[in-house]
Amino acid sequence: PTSLETYATCPFAYFLSRVIGLDALPEVEPNLSASDRGTAIHHVLNTFYRQWQAGGKRVSLSTLADATEMILRIAKAELDTYSFQSPLWDATKIQMLGDPRTGPGCFERFLASEILEESSPLVPSRFEFSFGMGTEASDDPASSPEPVELASPDGTKNLRIRGRIDRIDITPSGEFLIYDYKSGSTHPKAKDIEAGTALQLPLYLRAFEQITGSHGIGGGYYTIRREVERNIVLADARARDLLITRFRPSPDFAGTIRHSCDCAFAYIEGIRNGQFPLPPEEECPNRYCDFRRICRFDPYRISETGEET
């Protein structure tokens with residue numbers, strides 16, 4: 001789904017990265033890169049919940065002290081694998097681990113957010129659940145080695161997808177909700193999912209339903225930064241009975257997932273037909289694009305040349 005989202009946002013960027021195989025030039029940084037920061041946070045949260053789950057406990061007010069000790073120990077061990085020496089790195093560690101002078105770090109704030117859902121029947125159950133990705137030591141033991149095959153609406157075409165779901169919360173009756181951890185400042189909104197440019201949550205919901213036969217009730221983004229936020233952006237009305245967190249149910253939950261699948265097939269068709277145009281917007285939709293130094297995107301080029309996007 002992530003690669004299809006790249007095509008949905010900018011087919012030309014997909015062409016450069018996936019067809020030609022260009023990589024961004026590495027940058028020498030005195031601190032964690034945005035990508036490495038996200039990887040570190042994923043590792044800490046995955047390791048924490050694996051170990052915590054083995055104890056058969058939920059994160060709650062009564063278990064908060066033990067959970068805090070565990071997650072900070074895991075986080076410190078993860079950060080000790082890096083050897084940066086800079087004031088920026090010191091500030092990053094304080095932001096993650098906390099400090100008596102500045103207060104709790106992002107991992108303690110994460111636990112505080114978890115406590116808000118301690119009475120929900122949705123229990124954190126699967127972490128780094130992969131399908132069709134091969135096996136890694138960090139993957140959930142229940143992961144599936146096979147990709148998921150989706151059929152087109154008319155039944156004439158099939159699409160095989162693979163991916164890795166950061167976290168799946170499951171009720172005793174089998175209903176589930178998925179989360180994607182985010183360490184950046186932004187994440188897709190409900191309108192992006194409805195527009196067919198953010199495919200990850202709806203396709204992951206459909207994939208896990210197909211693998212397990214369970215019923216998905218929604219998905220959201222869990223932002224782990226200085227401030228920790230849980231945002232449910234795709235949800236069935238049924239989720240209102242299962243979540244404590246306030247959110248707005250999707251107007252047409254099932255229809256949105258079907259539309260996302262339709263868009264995935266349309267993007268695959270465009271890729272197979274060699275269609276890699278620039279975005280039609282007047283401004284590049286991705287200001288952090290790895291290829292911004294070589295991209296021929298110019299908002300005035302189309303009007304001057306009459307070129308079709």
Side-chain angles (χ1 to χ4, degrees), residues 1-43 81-84 88 128 130-136 138-139 147-148 150 159-166 180-188 192-193 195-204 207 221 260 263-309:
T2 303
S3 63
L4 291 181
E5 286 181 354
T6 300
Y7 184 84
T9 303
C10 180
F12 186 60
Y14 179 96
F15 174 75
L16 294 176
S17 63
R18 300 286 178 162
V19 179
I20 296 181
L22 294 184
D23 291 322
L25 291 173
E27 297 183 10
V28 178
E29 301 186 46
N31 196 5
L32 285 176
S33 67
S35 174
D36 286 341
R37 177 188 172 87
T39 298
I41 288 174
H42 277 72
H43 283 171
T81 63
Y82 298 92
S83 57
F84 298 109
L88 275 176
E128 300 292 328
S130 68
F131 53 97
M133 298 288 288
T135 56
E136 294 185 9
S138 60
D139 285 350
V148 172
L150 303 179
L159 169 64
R160 292 161 65 88
I161 63 171
R162 60 179 186 167
R164 182 171 284 112
I165 306 173
D166 290 342
D180 187 38
Y181 292 134
K182 293 292 186 185
S183 59
S185 58
T186 62
H187 61 74
D192 301 311
I193 295 176
T197 56
L199 301 175
Q200 192 173 42
L201 293 182
L203 292 190
Y204 280 177
Y221 297 102
S260 297
C263 288
F265 277 98
Y267 299 147
I268 289 293
E269 191 71 16
I271 292 168
R272 288 172 175 166
N273 291 333
Q275 298 173 356
F276 303 107
L278 294 172
E281 294 89 346
E282 292 185 359
E283 294 183 7
C284 179
N286 184 5
R287 57 180 175 164
Y288 300 112
C289 181
D290 289 335
F291 307 109
R292 59 189 180 277
R293 293 193 178 111
I294 63 171
C295 181
R296 54 195 177 94
F297 186 92
D298 181 346
Y300 302 104
R301 171 179 52 78
I302 297 172
S303 60
E304 291 172 354
T305 65
E307 177 181 346
E308 293 184 1
T309 61

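Fair warning: this is a prediction, and the values are worked out from it, not measured in the lab.
Rounding to the nearest 0.5 Å places CG of L199 at 10.0 Å from OG1 of T6. Distance check: Q200 CD to L4 CG gives 11.0 Å after rounding to the nearest 0.5 Å. H43 NE2 to T81 OG1: the interatomic distance, rounded to the nearest 0.5 Å, is 9.0 Å.
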Side-chain donor-acceptor distances from residues 265-278 under 3.5 Å, at least two apart:
unit_1, atom_1, unit_2, atom_2, d
Y267, OH, G196, O, 2.7
E269, OE1, K157, NZ, 3.2
N273, ND2, E269, O, 3.2

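Taking every heavy atom of both residues into account, E128 and S138 meet most closely at CB-O, 3.6 Å. Nearest heavy-atom pair, Y82 versus A40, reported as atom, atom and distance to 0.1 Å: OH-CB, 4.1 Å. The two residues R162 and G132 come nearest to each other via the heavy atoms CD-O, 3.3 Å. Minimum interatomic distance between S183 and I41 (heavy atoms only, all atoms of both residues): CB-CD1, 3.7 Å. Across all non-hydrogen atoms, the minimal contact from H187 to K182 is CB-CG, 4.1 Å. The nearest pair of heavy atoms linking A13 to F291 is O-CE1, 3.9 Å.
Taking D36 as the reference, S33 meet the side chain to side chain donor-acceptor pair (under 3.5 Å) condition, with sequence neighbours excluded.
Side chains of L22 and S17 form no contact here, defined as non-hydrogen atoms less than 4.5 Å apart. By the 4.5 Å heavy-atom criterion applied to side chains, E136 and D139 are counted as neighbours. Considering only heavy atoms from C-beta on, P147 stays 4.5 Å or farther from F131 through its side chain.
Using a 4.0 Å cut-off between charged side-chain N and carboxylate O, D166 and R164 make no salt bridge.
At least one donor-acceptor pair under 3.5 Å links the side chain of T197 to the backbone N or O of D192.
The only member of T2, V148, L150, L159 that meets side-chain contact (heavy atoms from CB on, under 4.5 Å) when paired with L203 is L150.
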